[in-house]
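Scope of the values below: all heavy atoms of this structure, side chains included, with no hydrogens, waters or symmetry mates. Keep in mind it's a predicted model, so treat the numbers as computed, not measured.
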Amino acid sequence: MPKSTATCNNFLKLLYNATAWADVAENDSSGPMTNIAVALATASYSASSTLASNEATFTNYARQNVARSTSGWTAASGGSLSNVDAIEYPQCGVTGNTITSAATGKPGGGSAEIFHYGDLNASIAVSNQIQPRFPAGAVTITET
């Protein structure tokens, strides 16, 4: 059963902007998560994946954190939101990868929980001196 647009917006605002959902859910007040991790992968994610599943391994790769607020993600509208600023990864050193997917989730090491995932519109061949980046507004999260 689908959700209403208002419910989609409220869910996204709670998860990505740390905005309370009146009479339903509040952001953790004692130690809230302050960033959303954005990971790159060399194969598609699935519903059972973690951020570590098929994660990129190019030289200098690191997940990038985006502020969990409206300074990092736009306020949800029409059931979707996007990144406010460019998300830039470190420049590749010697060893590269071909990036096909991306995911958002809890920051931290290891097998962090995924919030949303999807395949890229086009793969990114990352090799020596290539710096992957998503321009502002390019990462769109849609809740249906």
Side-chain angles (χ1 to χ4, degrees), residues 3-22 24-47 49-144:
K3 297 182 285 294
S4 71
T5 301
T7 296
C8 292
N9 289 340
N10 284 324
F11 177 75
L12 290 169
K13 288 176 187 177
L14 177 65
L15 194 58
Y16 287 87
N17 303 142
T19 301
W21 185 351
V24 176
E26 295 180 3
N27 189 42
D28 180 357
S29 59
S30 63
M33 182 176 60
T34 58
N35 290 303
I36 301 289
V38 183
L40 301 177
T42 59
S44 297
Y45 287 104
S46 71
S49 295
T50 67
L51 288 181
S53 301
N54 304 311
E55 191 165 18
T57 57
F58 64 82
T59 307
N60 301 323
Y61 170 78
R63 293 176 191 160
Q64 296 302 295
N65 287 326
V66 177
R68 185 176 172 239
S69 68
T70 54
S71 67
W73 301 93
T74 60
S77 175
S80 66
L81 52 72
S82 60
N83 55 312
V84 171
D85 295 318
I87 302 171
E88 298 183 343
Y89 293 83
Q91 180 176 300
C92 179
V94 176
T95 305
N97 285 131
T98 298
I99 307 304
T100 62
S101 300
T104 62
K106 286 185 177 179
S111 55
E113 180 180 344
I114 288 179
F115 297 150
H116 291 91
Y117 62 91
D119 290 335
L120 304 180
N121 292 334
S123 61
I124 302 170
V126 180
S127 58
N128 191 26
Q129 298 186 1
I130 299 297
Q131 181 179 16
R133 71 185 301 271
F134 295 114
V139 178
T140 302
I141 309 294
T142 301
E143 188 64 31
T144 56

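A76 approaches L12 most closely through the heavy-atom pair CB-CB, 3.8 Å. Residue Y45 comes nearest to A103 through the heavy atom pair CE1-CB, 3.5 Å, listed as atom of the first residue, atom of the second, then distance. Here the closest non-hydrogen pair linking T50 and S111 is OG1-CB, 3.4 Å. Shortest non-hydrogen contact noted between L14 and A25 is CD2-CB, 3.6 Å.
A donor-acceptor pair is defined here as one N or O able to donate and one able to accept, closer than 3.5 Å; no such pair exists between the side chain of R63 and the backbone of G105. Although no hydrogens or angles enter the test, the distance criterion places a donor-acceptor pair under 3.5 Å between the side chain of N83 and the main chain of G137. The backbone N or O of I99 sits nowhere less than 3.5 Å from a side-chain atom of S123 that would complete a donor-acceptor pair. The main-chain N or O of N35 is never found under 3.5 Å from a side-chain atom of N65 such that the two would form a donor-acceptor pair.
Using a 4.5 Å cut-off on side-chain heavy atoms (C-beta onward), Q91 and N128 make no contact. Taking the side chain as every heavy atom from C-beta outward, V139 and S82 never approach each other to under 4.5 Å. When side chains are defined from C-beta on, F134 does not count as touching Q64, because their heavy atoms never get closer than 4.5 Å. Taking 4.5 Å as the limit, some side-chain heavy atom of I36 sits within range of a side-chain heavy atom of R68. With a 4.5 Å cut-off on side-chain heavy atoms, M33 and P107 count as touching. In this structure, N10 and V24 have side chains that are not in contact, with every pair of non-hydrogen atoms separated by 4.5 Å or more. Counting heavy atoms from C-beta on, the side chains of T140 and T142 come closer than 4.5 Å. Under the 4.5 Å side-chain criterion, counting only non-hydrogen atoms from C-beta, T98 is not in contact with I124.
Considering OG of S49 and OH of Y117, their distance stands at 7.0 Å, rounded to 0.5 Å. Atoms CG and CD1, from L81 and I141 in turn, are 6.5 Å apart once rounded to the nearest 0.5 Å. From F115, atom CZ reaches atom CG of L51 across 8.5 Å, with rounding to the nearest 0.5 Å. Note that CG of L120 is 6.0 Å distant from OG of S101, once rounded to the nearest 0.5 Å. The OH atom of Y61 sits 12.5 Å away from atom SG of C92, with the distance rounded to the nearest 0.5 Å. Here E26 contributes atom CD and D28 contributes atom CG; the two are 10.0 Å apart, rounded to the nearest 0.5 Å.
Side-chain contact of T70 with N17: a donor-acceptor pair under 3.5 Å is absent, judged by distance alone. Between N9 and T7, the side chains place no donor N or O within less than 3.5 Å of an acceptor N or O (distance only, hydrogens not considered). Y16 and T104 share a donor-acceptor pair across their side chains, judged by distance under 3.5 Å alone. Of the N and O atoms on the side chains of T100 and D119, not one donor lies less than 3.5 Å from an acceptor on the other residue.
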| said: I'd like to know whether F58 forms a side chain to side chain contact (heavy atoms under 4.5 Å, CB included) with L40, so could you lay out the CA-CA distance, the side-chain angles of the two residues, the decisive distance to 0.1 Å, and finally the verdict. | reply: CA-CA 10 Å; F58 64 82; L40 301 177; 4.3 Å; yes

| field | Candidate pair K3 and T144, rule side chain to side chain contact (heavy atoms under 4.5 Å, CB included), full reasoning | value | CA-CA 6 Å; K3 297 182 285 294; T144 56; 5.7 Å; no

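Counting heavy-atom neighbours within 6.0 Å of Q131 CD, excluding the residue itself, gives a total above 12.
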